[in-house]
2 protein chains.
Amino acid sequence: MSIQVLLADDQALVRGALAALLSLEHDIEVVAEVGRGDEVLEQVRAKGVDVALLDIEMPGMSGIDTAALLREQAPTCRSLVVTTFGRAGYLRRALEAGASGFVVKDTPAGELAEAVRRVHAGLRVVDPTLATESLLDGASPLTDREREVLAEALSGAPVATIAARVHLSAGTVRNHLSSAIGKTGTTNRVEAARLAHDNGWL
Amino acid sequence: MSIQVLLADDQALVRGALAALLSLEHDIEVVAEVGRGDEVLEQVRAKGVDVALLDIEMPGMSGIDTAALLREQAPTCRSLVVTTFGRAGYLRRALEAGASGFVVKDTPAGELAEAVRRVHAGLRVVDPTLATESLLDGASPLTDREREVLAEALSGAPVATIAARVHLSAGTVRNHLSSAIGKTGTTNRVEAARLAHDNGWL
DNA sequence: ACCTCCCCATGACACCTGTCACCCCCTCCC
DNA sequence: GGGAGGGGGTGACAGGTGTCATGGGGAGGT
């Protein structure tokens, strides 16, 4: 019995290309493709998927949240997160969410099939270049509120707008921003938001 | 004689997957793969490439600049730009640079081979969803200086830092920023920079 | 009970930003 | 020649921003 695989990626071309790549392997069969995170569970149940390849940045539901959902609702299906960005915090959050593997998109193509087999066998697969870096500084120093406020600041909105969106006073928002700026070692909210985003903290 | 194709994309996994996808076609042969824009020309000359698939965001040299280089240095090789982002300005700039085609990565996988064939036949291939939108408002309203200053502002640097980097007085930088904010209909530099970036103006 | 940490909030202060008026230069074009 | 437009610059002003001191409240650990 070959390994039943689901592909979740918002870019149809990448999805189709990965399907072609994996279909070259005799022991792997791509049985489902979806472009949104919130369509994964339904397909996993319907097709009896063994391994779900999840992109992180998808409409509907992120790959990380999807992995957590699968762990609860479909524990026989293992998750392999395949993402564009090798952000330290992503790996940590993916593993915490119950993903069995984490592969960056610039790994050699030949290794993907091997990663799928390992995950299916119950092993963990972690991109080696990230493993060391991540577990050291991957933890976010930000509190929940700081994270929330920074995420809003990413778009460049002024304090008043942010305050309205998170239902806080303008002064409190500025305090959170100031705290986040201090923790990230930056000099203003924009730099802080970028750094936090690049580290996968948002 | 089958069509000789080169793949240029900084993500090895995507590159390998696209190679697998295109290799399913009997009349297409992937003869070269590179991960950097500045390695394309060399490979095109060495392998006698007919069609170069170029990602835009690559280290070394952007896909757009690479297309322009190929037009000059290897006019028998046609360029097909394949990119993640459907930004209006990208299409316009790609076509101005001499690319024969422009495809977004979330087009159906099956259409890629057809796009390659059309480009090879000397036809233009343009993503239909972008064609209308792009040629209307794809032109940037920004002057060179405004573009330059906005690009620096993208990182969140304060005016003093930007002024030092572009060798202008702080006041002039603020004037350019103010002008750019006005033209983009935004309220501050961060929003203006994001909008300009998303439209491919930077 | 006590300490620590996070959360919410206010007021004050220095500084940064966005805008405007006004000046200069140069180039292109009618 | 004159006008339009881009570029570079200055000074001034209102308002936004970052920091700090100082409150109060609650959850968790010792």
Side-chain angles (χ1 to χ4, degrees), chain A residues 89 92-93 96 137-202, chain B residues 89 92-93 96 137-202:
Chain A
R92 215 175 132 275
R93 282 165 55 201
E96 282 174 2
D137 70 326
S140 167
L142 304 175
T143 67
D144 285 351
R145 281 301 195 183
E146 286 161 3
R147 199 176 32 69
E148 190 179 359
V149 171
L150 261 196
E152 296 290 338
L154 205 56
S155 65
V159 170
T161 308
I162 299 176
R165 280 213 279 254
V166 297
H167 305 296
L168 289 175
S169 82
T172 303
V173 168
R174 288 199 288 163
N175 285 340
H176 285 309
L177 285 174
S178 181
S179 172
I181 290 168
K183 286 179 179 176
T184 54
T186 52
T187 62
N188 61 53
R189 73 177 82 176
V190 184
E191 291 178 350
R194 288 188 70 84
L195 192 149
H197 182 251
D198 290 350
N199 281 7
W201 295 340
L202 300 187
Chain B
R92 215 174 133 275
R93 282 165 55 200
E96 282 174 1
D137 69 327
S140 168
L142 304 174
T143 67
D144 285 351
R145 281 301 194 186
E146 287 161 1
R147 198 176 33 67
E148 190 179 0
V149 171
L150 260 196
E152 297 290 338
L154 205 57
S155 66
V159 170
T161 307
I162 299 176
R165 280 212 278 256
V166 298
H167 306 295
L168 289 176
S169 82
T172 303
V173 168
R174 288 198 285 162
N175 285 340
H176 284 308
L177 285 175
S178 181
S179 171
I181 291 168
K183 286 179 179 175
T184 54
T186 52
T187 62
N188 61 53
R189 73 177 82 178
V190 183
E191 292 178 357
R194 289 186 69 83
L195 193 149
H197 182 250
D198 290 351
N199 280 8
W201 294 341
L202 300 187

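Side-chain atoms are counted along with the backbone in the values below, which use heavy atoms only and exclude waters and symmetry mates. Every chain is numbered from 1, with letters handed out A, B, ... down the list of sequences.
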> Among the candidates dT10(D), dG16(D), dG18(C), find the nucleotide nearest to the side-chain atoms of I181(B).
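Looking only at heavy atoms from C-beta outward on I181(B), the closest nucleotide is dG18(C).
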> Can we say E148(A) and R145(A) salt-bridge, meaning some charged N sits less than 4.0 Å from an Asp/Glu carboxylate O?
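Salt bridge: yes.
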> Does H176(B) make a side-chain N or O approach to OP1 or OP2 of dG6(D) shorter than 4.0 Å?
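Answer no for this pair, as no side-chain N or O of H176(B) is under 4.0 Å from OP1 or OP2.
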> Would you say that N188(B) contacts E191(B) through its side chain, given a criterion of any heavy-atom pair below 4.5 Å between the two side chains?
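Of all side-chain heavy-atom pairs linking E191(B) with N188(B), at least one is under 4.5 Å.
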> Select base, sugar-phosphate, or nothing to describe what S169(B) touches, counting heavy atoms under 4.0 Å on all strands.
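Sugar-phosphate contact only - S169(B) comes under 4.0 Å of backbone atoms but never of a base.
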> Using heavy-atom distances to pick each residue's nearest nucleotide on DNA chain D, tell me which of S178(A) and H167(B) is more 5'.
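Closer to the 5' end of DNA chain D: H167(B).
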> Measure from CD on E191(A) to C1' on dG18(D) and round the result to the nearest Å.
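Result: 13 Å.
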> Taking the minimum atom-to-atom distance to the side chain of N175(B), which one of dC7(C), dG9(D), dA9(C) wins?
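For the N175(B) side chain, the nearest candidate turns out to be dG9(D).
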> To the nearest Å, how far apart are R147(B) CZ and dG7(D) C1'?
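Rounded to the whole Å, the gap is 14 Å.
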> Tell me: CG of D144(A) to C1' of dC8(C), nearest whole Å?
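Value for this atom pair: 15 Å.
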> Taking OP1 and OP2 of dG6(D), is either one under 4.0 Å from a side-chain nitrogen or oxygen of T143(B)?
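Negative; the distance criterion is not met.
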> Please report the distance, rounded to the nearest Å, between CG in L142(B) and C1' in dG6(D).
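So the two atoms are 13 Å apart, to the nearest Å.
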> Quick check on dT19(C): is either OP1 or OP2 less than 4.0 Å from any side-chain nitrogen or oxygen of R174(B)?
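Looking at the OP1 and OP2 atoms of dT19(C), neither is under 4.0 Å from any side-chain N or O of R174(B).
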> Counting only side-chain N and O atoms of R145(B), is one of them less than 4.0 Å from OP1 or OP2 of dG8(D)?
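True: R145(B) side-chain N/O within range (under 4.0 Å) of dG8(D) OP1/OP2.
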> Rounded to the nearest 0.5 Å, what separates atom CD1 in I181(B) from atom CG in L150(B)?
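So the CD1 of I181(B) and the CG of L150(B) are separated by 8.0 Å.
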> Looking at T184(B) and A192(B), what are the two nearest heavy atoms and their distance?
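Scanning both residues, the minimum pair turns out to be OG1-CB, 3.6 Å.
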> Which heavy-atom pair separates A196(B) from L142(B) by the least distance, and what is that distance?
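Answer, listing the atom of A196(B) first, then L142(B): CB-CD1, 4.1 Å.
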> Go nucleotide by nucleotide along DNA chain D from the 5' end; which of N188(B) and E146(B) gets its closest nucleotide reached first?
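The residue mapped nearer the 5' terminus is E146(B).
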> In whole Å, I'd like the distance from the CG atom of L168(A) to the P atom of dT10(C).
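L168(A) atom CG is separated from dT10(C) atom P by 11 Å.
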> Starting at atom CD1 of I162(A), determine the distance to atom P of dT17(D), rounded to an integer number of angstrom.
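I162(A) atom CD1 is separated from dT17(D) atom P by 8 Å.
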